[in-house]
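Have a look at the structure below before the remarks.
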2 protein chains.
Amino acid sequence: MRLENLPEIRKFKLFKTMSEENFDAVMQAAYLQNFPAQVRLVTEGDEADFLFLVVEGCVELFATANGREATMAMIKPVGSFILAAVIKDARYLMSGRTTEKSRILMIPAKNIRDSFEKDSAFALAVVTELADCYRSVIKEYKNLKLRTAVERLANRLLEYHCEQGETGVIELPYDKKRLAALLGMTPENLSRAFVTLKPYGVTVSGSSITLSDMKGLITLAKPNLLIDRHAG
Amino acid sequence: MRLENLPEIRKFKLFKTMSEENFDAVMQAAYLQNFPAQVRLVTEGDEADFLFLVVEGCVELFATANGREATMAMIKPVGSFILAAVIKDARYLMSGRTTEKSRILMIPAKNIRDSFEKDSAFALAVVTELADCYRSVIKEYKNLKLRTAVERLANRLLEYHCEQGETGVIELPYDKKRLAALLGMTPENLSRAFVTLKPYGVTVSGSSITLSDMKGLITLAKPNLLIDRHAG
DNA sequence: CGACGATTTGAATAGGATCAATGGGAGTGG
DNA sequence: CCACTCCCATTGATCCTATTCAAATCGTCG
C-alpha cells in the first residue's frame, strides 16, 4: 500500500508496540482505500475477512433485526473495528458504513491472526484493545439501561464539551439523525430532548450548541466515572 | 487451595491450554471459598484485585446509577467474570453477588497478569475469552435495542429449551424477579409478557414452563444467529 | 426561485414503569 | 397437622416515556 498515512497508523495503539518486521509485513498485505460517504464496508453475518482501520473520515457501526436498526458506535480516526470477529475468525455481528468521505485501511484477517501468534507485543496490544472495546460496550449498555434519553443526551453533550476544549460551545460531530440513533432514540425525540435541556442552559443553533449553565447541566446529567469518558 | 474441584477448573477454557507449571502456580495463589446466597463479591468502582471463577452456584452481575439497577449477566459454572478489568488493571464496571449458595475461586489479578506475559498459550486463551465476552455483550445490546420485551422473553425461552434438551418443558434457571431484570424489564412486565405468550403455546406453572407450539413461538420470536445462542 | 432532505412541532398511540392490592406457596412455630 | 407470616408473583389501574404518524418549517444546493 501507499505510505502517506503510515506514520499515524504506526502510532495507533494496536501497532505501536509491534515489531518493525511484523508491521511491515502486515502493511504490505493491507489496502488503503478512499470511499465516499454512505458506502457499506461490512455487513453483519459476513465472514471476517478484514480488520478495518479508519484513517480519515468516520464509520458508523450498526445492526439490524426485525426491520429495526440500531446504531452501535461511531468510529473516528484512528480507530479499528470488528477486531473481535477477526480474532475469533467468526462472522461480523455488526454492519459498517461510511458517514462521510473516508480513508480506510483494510488488513486481511489472516495477517492479523498470524502476527498475533508470532509477535507477543502485538498480542498484548490486541488484548488491551479488546479489553477496552469490551469495557466500552459495557458502558454503553449501562448508559442505555440506567439512563433516560434526556440524561443520555446531557452526558453526551458534556463529553463533546470536554473533547472540544471546554469553550462553552460545541459542534455536533454528526448530523442529528445519527446522533439520535447513537443515543438510542428517534430524531423527533432528540429534538424534544434538546427542548427539555433549554432550562439547563443548552441552546441549539443548527449543529452548534451553546452551554451556558454547566453546573445545572451537570446536576441533571450526573456524569459517572463508570459510564462516561468525561466525568471527574 | 483445596483440590477437589481442580479437574473441572483445569478443563475451563481459560486454563485448558495453560502450561502445567503456570497452572499450578496460579492455583497455589488462589482461594476457593464457599459463599451463601446474596453475598456481594465485588462492587463496581473497586480496583480489580481478583479474577473470579464460579465453580458452583451462580453469580449475578449488575450495575447501578441514579438509584436504578440493571442486571447485566448471570454467570454459571464454570464461568469467569471481570476478566477485562483484571487485564487492564482497572476498576470494576459491574458489581457481582451470589444468587444462591456458591463456590467461588478467587485468583489474584497479579498472578493472572503475570501468567499472561509468561505463557503465550494462556495469553491466547485470554484473548479468545475476551473476544467471546465482547461478542456476548454486543449480542445483549442488540437484543435490548432491536427487540420488544415479549420478543426477548420468547427468545430466552427458546434458548433455555435448547440448553435443556428440547423436551417441550423448561425449568427457569432463576426466579422470575431475576429473569425479569436480566431481560431488562420489571417483574410485573414479565408476568404480562408470559400472558401475551399464552396464545403461542407457553404455559406457566411456577418455575416450570411448557412449550406446546414451537412453530408459533419461533415465528413470534424470530431467533437470529447474530443475537441468539439457539437459532439455526 | 424551487426542490429536496433534514429538523422541528403537534397529536395520537404504544410499550413499559409505577403504584396499589390481591393471591399463593414455602417455611416457621405452635 | 394447621395457622401464621413473609415473600414472590400476579392482576388491575394509572402514569410516563418514547415511538409513530402527520404536517409545517428551515436550509441548502442546484
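Chain letters run A, B, ... following the sequence lines, proteins first and then strands; every chain starts at 1. This structure is a prediction, so every number in the text was calculated from the model and none was measured.
For the pair A:Cys58 and A:Met74, the minimum side-chain heavy-atom distance is below 4.5 Å.
The two residues B:Glu151 and B:Leu220 make their nearest non-hydrogen contact at CG-O, 4.2 Å.
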With B for base contact, S for sugar-phosphate-only contact and - for none (protein heavy atoms under 4.0 Å), nucleotides 7-25 of chain D reads -SSSBBB----SBBB----
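Partner of B:Asp228 under the salt bridge (charged side-chain N to carboxylate O under 4.0 Å, His left out) criterion, out of B:Lys222, B:Arg156, B:Arg147: B:Arg147 alone.
For residues 40-63 of chain B, every residue pair satisfying the ring-ring contact (aromatic ring centres under 6.0 Å, His included) rule, not counting sequence neighbours, is listed here: B:Phe52-B:Phe81.
Applying the side-chain contact (heavy atoms from CB on, under 4.5 Å) test to A:Ser208 and every residue at least two apart in sequence or in another chain returns A:Val169, A:Glu171.
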